[in-house]
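Remarks on the structure that follows.
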Amino acid sequence: MKAVITVTGKDKVGIIAMASAECAKYGANIVDISQTVLNEYFAMIMLVSLDGLNVDFSVFADEMNKAGGACGVDIRVMHEDIFNSMHRI
């Protein structure tokens, strides 16, 4: 299973390091990543594999969001099922 993680906020040093370290801490493997800086704003999308996740998905999503808040960015974690269900409409 996979999840899509978005990270947005004012650009500063260490955002990618923080997000990737948090993923590693919970066993989520980054499969693909795209990031850009628009003026002073940072935007990143990561596709992560949840196969090695060592906590429940909801805990992972909450902890990622908390870590983002502590760093001053917004982190959202969306399970791939959200996108798969949209395809069926």
Side-chain angles (χ1 to χ4, degrees):
M1 294 190 293
K2 293 184 178 68
V4 173
I5 300 175
T6 61
V7 182
T8 56
K10 282 206 108 166
D11 187 35
K12 63 181 169 179
V13 173
I15 298 172
I16 296 172
M18 176 276 302
S20 61
E22 287 297 306
C23 284
K25 182 164 123 180
Y26 296 105
N29 184 43
I30 299 170
V31 176
D32 201 355
I33 186 171
S34 175
Q35 68 88 32
T36 192
V37 177
L38 307 164
N39 289 326
E40 72 265 21
Y41 298 103
F42 178 86
M44 178 169 67
I45 300 173
M46 296 187 294
L47 179 64
V48 299
S49 170
L50 303 174
D51 294 340
L53 207 60
N54 55 28
V55 294
D56 288 335
F57 176 77
S58 61
V59 172
F60 173 62
D62 288 343
E63 292 301 317
M64 290 295 292
N65 186 265
K66 287 178 194 173
C71 185
V73 296
D74 182 61
I75 298 182
R76 306 291 169 125
V77 181
M78 297 160 281
H79 197 281
E80 73 177 333
D81 288 347
I82 292 172
F83 301 101
N84 292 336
S85 66
M86 293 170 86
H87 188 283
R88 293 184 209 132
I89 296 176

Salt bridge (Lys or Arg N to Asp or Glu O under 4.0 Å) pairs touching residues 60-79, sequence neighbours excluded, are Glu63-Lys66, Asp74-Arg76
Do Val48 and Asn29 come close enough that some side-chain heavy atom pair is under 4.5 Å? no
Got a list of side-chain donor-acceptor pairs under 3.5 Å for residues 30-45, not counting sequence neighbours?
none

Scanning both residues in full, the closest heavy-atom pair of Ala28 with Phe60 reads CB-CZ, 3.7 Å
*Do any N or O atoms from the side chain of Glu80 and from the backbone of Ala3 form a donor-acceptor pair under 3.5 angstrom?*
no
Residues pairing under side-chain hydrogen bond (donor to acceptor under 3.5 Å, both in side chains) where one sits in residues 12-21, two or more places apart or in two chains, turn out to be none
When clusters are formed by joining ILVMFWY residues with side-chain heavy atoms under 4.5 Å apart, either directly or through shared neighbours, do Met1 and Phe83 land in the same one? no
Residue pairs meeting side-chain hydrogen bond (donor to acceptor under 3.5 Å, both in side chains), one or both in residues 44-54, sequence neighbours left out, come to Ser49-Asp51
- What about Val4 and Val73, same hydrophobic cluster or not, with Ile/Leu/Val/Met/Phe/Trp/Tyr joined at side-chain heavy-atom distances under 4.5 Å? no
Same apolar cluster (I L V M F W Y, side chains within < 4.5 Å links), Val7/Met78: no
Kindly work out whether a path of hydrophobic side-chain contacts (I/L/V/M/F/W/Y, heavy atoms less than 4.5 Å apart) joins Leu47 to Leu53.
-> no
In short, Ile75 meets Gly68 closest at the heavy-atom pair CD1-CA, 3.6 Å
Interatomic distance, NZ@Lys10 vs SG@Cys71, rounded to 0.5 Å, equals 14.0 Å
Smallest heavy-atom separation, Ala19 atom then Met64 atom, equals O-CE, 3.9 Å
Residue pairs passing the salt bridge (Lys or Arg N to Asp or Glu O under 4.0 Å) test with at least one member in residues 14-26, sequence neighbours excluded, are Glu22-Lys25
